[in-house]
Amino acid sequence: MSSFSRPIANFLAPNLEKDDTLLALKVIFQPWIWKEGKFIYEFEKIFNDYFQFVDAISFNSGRAALFAILNSLSIKKNDEILIQAFTCNSLVNPILWQQTKPVFVDIVGVNNNGFLDLNLDPIDLEKKITKNSKAVIVQHTFSQPADIEKIQEICKKYNLFLIEDCAHSLGVKYKGKLLGTFGDASFFSFGRDKIISSTFGGMAGSSNSLLASKIRKFQKDLNYPSYFWIFQQLFHPIIFSLILPTYNSGFGKFLLYFFQKIKLLSKGTSYEEKQGRKPNFFPKRFPNALTILAKNQFLKLEKFNRRRQENTKFYFENLPDNFILPTERGDIQFLKMFPILVENQKEILSESKKYGIIFDDQWYQSPIMPPGTDLSKMQYRMGSCRKAEEVASKIINLPTNPAVSKNDLDRVLNFIIKYAKPIES
Ligand SMILES: Cc1ncc(COP(=O)(O)O)c(C=O)c1O
């Protein structure tokens, strides 16, 4: 392993390319275009042309977009929002900020066909519906389509709003139809390790005219984030062009730690959010500066997803039979990360670092990511979603992102074959 090779990881700016860094460098010296500007509307239009919603409305993160959607539904205090466990706190928090109640639904886990399914279990969903239930959020985990038709049916039966969380699934189709177009509303993330990245950013989309207009009104009433916050996000692709090639030698890792410590770099999730509190920089409008980066990435969406598809195929073809594979339900195209279950998660997480492979992507250990999230503040009761908890304690996610080379795939595979102890099915 050369110390100048990029680390193999699911996080650490996996979508960053040279042109993204150059663009950020150009924009960072033009603070007068950072906040309001024409690129916001241009990006919203390109995005909406792709999905054909009534409207696509941009925000400064996926969680802000979800907050806007929840705010635009006629939801009262103490209404219940159903959401799967094995999720991220940035999905739970907007529910709490709204003073509504998250109700956790278990995931399918290992399904009847012996495949691993990290999505919401429709059977458990139906059991958890009460007279206070108002909406279901469906997370298409790691780009794997949830059982969306069945969930649509359930929402119809109980008169619930259906919101799709497409943070992991931009550009994925289910039976030929784009994910995000099945629900009453959907939201997307352009976070640093998502399908496309502008460090932070998000979009809400809806084909329901009334709902779309309420979300748009909510957005118009928001402010832009501060100049400092925008600077932090623009600085990310710039400094990462230095962090990535030097990460394995230790210097890049130090730079990351240092710039986060002095707050010139933001973190994907703040300490307050792990405690269920709302930081003052959410929700805000998507600033012009970041839409410029997001548009550049959006134009590479097909290329990125093709790479993910090839990498996903590699694991499907080469992982030995004793691993439980993710289900191939529907026309699954790719996985944002390729999950496997192992008996020795802790050992894999630490041993892999010696080989320049970093599995520490925060999607492990806890049913609500990242580890360290205060579960009681999230209103999650341990033992309430056993499959999600079990999966969290055994999961390792193999990288499929566009930065992963053929050589990297071989290294990951060889490492897994050598060290991983697959769970008994
Ligand atoms: C499944 C899922 N949903 C929603 C979000 C929120 O997106 P964002 O980071 O843009 O707020 C994330 C990521 O943080 C996520 O992983």
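Predicted, not measured: the structure shown is a model, and the values here were computed from it. Ligands are counted one by one from 1 in listed order, and the atoms in each one are counted from 1 as well.
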For ligand 1, the portion of [X] having any non-hydrogen atom under 4.0 Å away:
{"X": "H168", "value": "side chain"}
{"X": "Q139", "value": "side chain"}
{"X": "C88", "value": "side chain"}
{"X": "F86", "value": "neither"}

What do you reckon, does [X] put a non-hydrogen atom under 4.0 Å from ligand 1?
{"X": "A65", "value": "no"}
{"X": "T87", "value": "no"}
{"X": "K194", "value": "yes"}

Item checked: Distance-only side-chain donor-acceptor flag, S266 / R192, under 3.5 Å -> yes
Looking at [Y] and [X], is any side-chain nitrogen of the basic one under 4.0 Å from a carboxylate oxygen of the acidic one?
{"X": "D374", "Y": "K377", "answer": "yes"}
{"X": "K267", "Y": "E273", "answer": "no"}
{"X": "K177", "Y": "E149", "answer": "no"}

Looking at [X], which atoms of ligand 1 are within less than 4.0 Å of one of its heavy atoms?
{"X": "D165", "value": "1 (C), 2 (C), 3 (N), 4 (C)"}
{"X": "G62", "value": "7 (O), 8 (P), 10 (O), 11 (O)"}
{"X": "L91", "value": "3 (N), 4 (C)"}
{"X": "S90", "value": "5 (C), 6 (C), 12 (C), 13 (C), 14 (O)"}

Notebook entry, point to check: Looking at F323 versus F338, is the centre-to-centre ring distance below 6.0 Å?
Noted result: no
Notebook entry, point to check: Between F59 and F187, is the gap from one ring center to the other below 6.0 Å?
Noted result: no
